[in-house]
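Encoded as structure tokens, the structure appears first; notes follow it.
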Number of protein chains: 2
Amino acid sequence: MKKIKDSTTEQQILEAAEKLFYERGFAMTHTTDIAREVGCNQALVHYYFRTKEKLFESFFKTKVQLFISAFLTAGNEETTFEGKLTRKIEAHFDILRKNPRLPFLLFNEISVNPQRVESFRANLGDMPQLLLKAFDNEIEAEAKEGRIRRIPAIDLILTIISMNAIMFIANPIIKALTGADEKEYEKMLGRRRKENVDAILRSLRP
Amino acid sequence: MKKIKDSTTEQQILEAAEKLFYERGFAMTHTTDIAREVGCNQALVHYYFRTKEKLFESFFKTKVQLFISAFLTAGNEETTFEGKLTRKIEAHFDILRKNPRLPFLLFNEISVNPQRVESFRANLGDMPQLLLKAFDNEIEAEAKEGRIRRIPAIDLILTIISMNAIMFIANPIIKALTGADEKEYEKMLGRRRKENVDAILRSLRP
DNA sequence: GATATATTTAATAGCCCTATTAATTACGAT
DNA sequence: ATCGTAATTAATAGGGCTATTAAATATATC
């Protein structure tokens, strides 16, 4: 009666949708494109996901969680503040490297369609506020020891996100400005990963 | 025979287009929307600009120049490296504040439609390369004096762009994460403007 | 193997969007 | 006032996209 295992088709559709949403965003990805990508009939896309909007959301939600969780999990095994922070920055960078189009899509779709912030908020609850408070405390403790200057946690987080994300968001512009090809760009990425950690740690010195 | 002065209509269309392109991007802005915004017939949009694509380009070009020129003009009256850099960072931030949707649209449209990089490149020629080289020299001179550490100019510029732009690109997400309203957000912006200069200068210390 | 259910397809309704065309009005020059 | 050009409009062709429907095929269950 019931499907035991996800037949591969539904999964395929989701994957094709992911690829195309990444490449073109929501508005410019059509259900016909998705079907063509999978090699199935366009009606199937609607059969499984009803509407394009619902398909997008089911893709979007999992990605939002992925994007956020980088900060939460990484670096907790480290003992020093500097060690923890370094690992968090690196982990964030690495997840972006694996999903280079993700930050862009995130910012884009939320901008164009502000209601999506709700799905965002619903997924996270008040975790952000708690996280910020905890982070503020850590900073305060470290500052009390005189090892770093005081800075609001939100500013530090924004700095990390922005410095890491820019390489992926601005990828085509950077290539155009610098004339770098794909290979050189990869090298830049490796350098930038170190540079970001370095610059951020320096910027925190008292 | 010839139009002496741009009749206001063409200008109005361009302005309405600008507003809507900022709000919704290219794909989701329709010529009918633009006409409605202006209060004119939709055919007029095509009468003046032929196609939606051409209309977009004529808006896009001027904006690209605006975006770039911030770096070139600002701070040249200052004498010290630190003074110059500070002014450049601030000027860049201020231009973004006046055009909060600009970086986003820039990144977005170039991502979705990579051919636009050409219009980008055509507008700028090899200015970027020259600029980078000049900046590299300034950094080297300053580093030789022991006042800052060595860093590739491209990294420094990317840091500036990313740290400044993030507040505008991620506006809705930041509001969602922090729960800030418009007023609080404005305050954050003011603080962030200072913080960016501060953090960047610190990150350069030897 | 018969029957029920799940999957897939073909066809299409209905909508909205871009761009064009042909007709109308406004306006400047002589 | 008239003629010519510019500006504007109404109407619509033509195309593409989403979503639905009804029919066909595959798959599981008994």
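- The pair B:Arg149-A:Asp198 meets the salt-bridge criterion, since a charged nitrogen lies less than 4.0 angstrom from a carboxylate oxygen.
- Residues satisfying the salt bridge (charged side-chain N to carboxylate O under 4.0 Å, His left out) test with A:Glu37, not counting sequence neighbours, are A:Lys19.
- Evaluation of the ring pair (Phe, Tyr, Trp, His ring centres under 6.0 Å) rule for B:Phe81 yields no partner, not counting sequence neighbours.
- Using the six-membered ring where Trp is involved, B:Phe21 and B:Phe59 have ring planes that are tilted, between 30° and 60° apart.
- Axis orientation changes by 10° from one end of the helix from C:dG1-D:dC30 to C:dT30-D:dA1 to the other, with each end axis drawn from 5 pairs and the value rounded to 10°.
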What's touching nucleotides 20-23 of chain C from the protein side, N or O pairs under 3.5 Å?
none

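- Distance CZ (B:Phe56) to C1' (C:dC17): 18 Å, rounded to an integer number of Å.
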Close N/O contacts between protein and nucleotides 22-25 of chain D (under 3.5 Å):
none

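- Between B:Arg97 and B:Glu186 a salt bridge is recorded (basic side-chain N to carboxylate O distance below 4.0 Å).
- We find that NZ of A:Lys52 is positioned 15 Å from P of C:dC16, with the value rounded to whole Å.
- A search for side chain to side chain donor-acceptor pair (under 3.5 Å) contacts involving A:Glu140 returns A:Arg150, not counting sequence neighbours.
- Atom pair A:Arg36:CZ and D:dG16:C1' shows a separation of 11 Å (rounding to whole Å applied).
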Compile the donor-acceptor pairs under 3.5 Å between side chains in residues 166-183 of chain A and protein atoms, sequence neighbours left out, one pair per line.
| unit_1 | atom_1 | unit_2 | atom_2 | d |
| --- | --- | --- | --- | --- |
| A:Asn171 | OD1 | A:Lys175 | NZ | 3.3 |
| A:Lys175 | NZ | A:Glu182 | OE1 | 2.7 |
| A:Thr178 | OG1 | A:Ile174 | O | 2.8 |
| A:Thr178 | OG1 | A:Ala180 | N | 3.2 |
| A:Asp181 | OD1 | A:Lys183 | N | 3.1 |
| A:Asp181 | OD1 | A:Glu184 | N | 2.8 |

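- Side-chain nitrogen and oxygen atoms of B:Thr9 include at least one within less than 4.0 Å of the OP1 or OP2 phosphate oxygen of D:dT8.
- Scored by the side chain to side chain donor-acceptor pair (under 3.5 Å) test, A:Lys61 finds no partners at all (sequence neighbours excluded).
- In this structure, A:Leu20 places its CG atom 15 Å from C1' of D:dC17, rounding to the nearest Å.
- Considering only the side chain of A:Leu44, C:dT9 comes nearest among D:dA7, C:dT18, C:dT9.
- Among pairs with a residue in residues 170-190 of chain A, none fulfils ring pair (Phe, Tyr, Trp, His ring centres under 6.0 Å), at least two apart in sequence or across chains.
- Atom CD of A:Glu10 is separated from atom C1' of C:dT7 by 12 Å (rounded to the nearest Å).
- Taking the side chain to side chain donor-acceptor pair (under 3.5 Å) definition, one finds that A:Gln129 meets it with nothing, sequence neighbours left out.
- Checking side-chain atoms of B:Asn164 against main-chain N and O of B:Ile89 turns up a donor-acceptor pair under 3.5 Å.
- Distance, A:Ile13 CD1 to C:dT8 C1': 10 Å, rounded to whole Å.
- For the segment residues 26-34 of chain B, residues with any heavy atom less than 4.0 angstrom from an atom of DNA chain C are, sorted by number, B:Thr29, B:His30, B:Thr31, B:Thr32.
- With respect to B:Glu57 and B:Lys54, no salt bridge is recorded, no charged nitrogen being found less than 4.0 Å from a carboxylate O.
- Applying the salt bridge (charged side-chain N to carboxylate O under 4.0 Å, His left out) criterion to B:Asp136, with sequence neighbours excluded, gives no partner residue.
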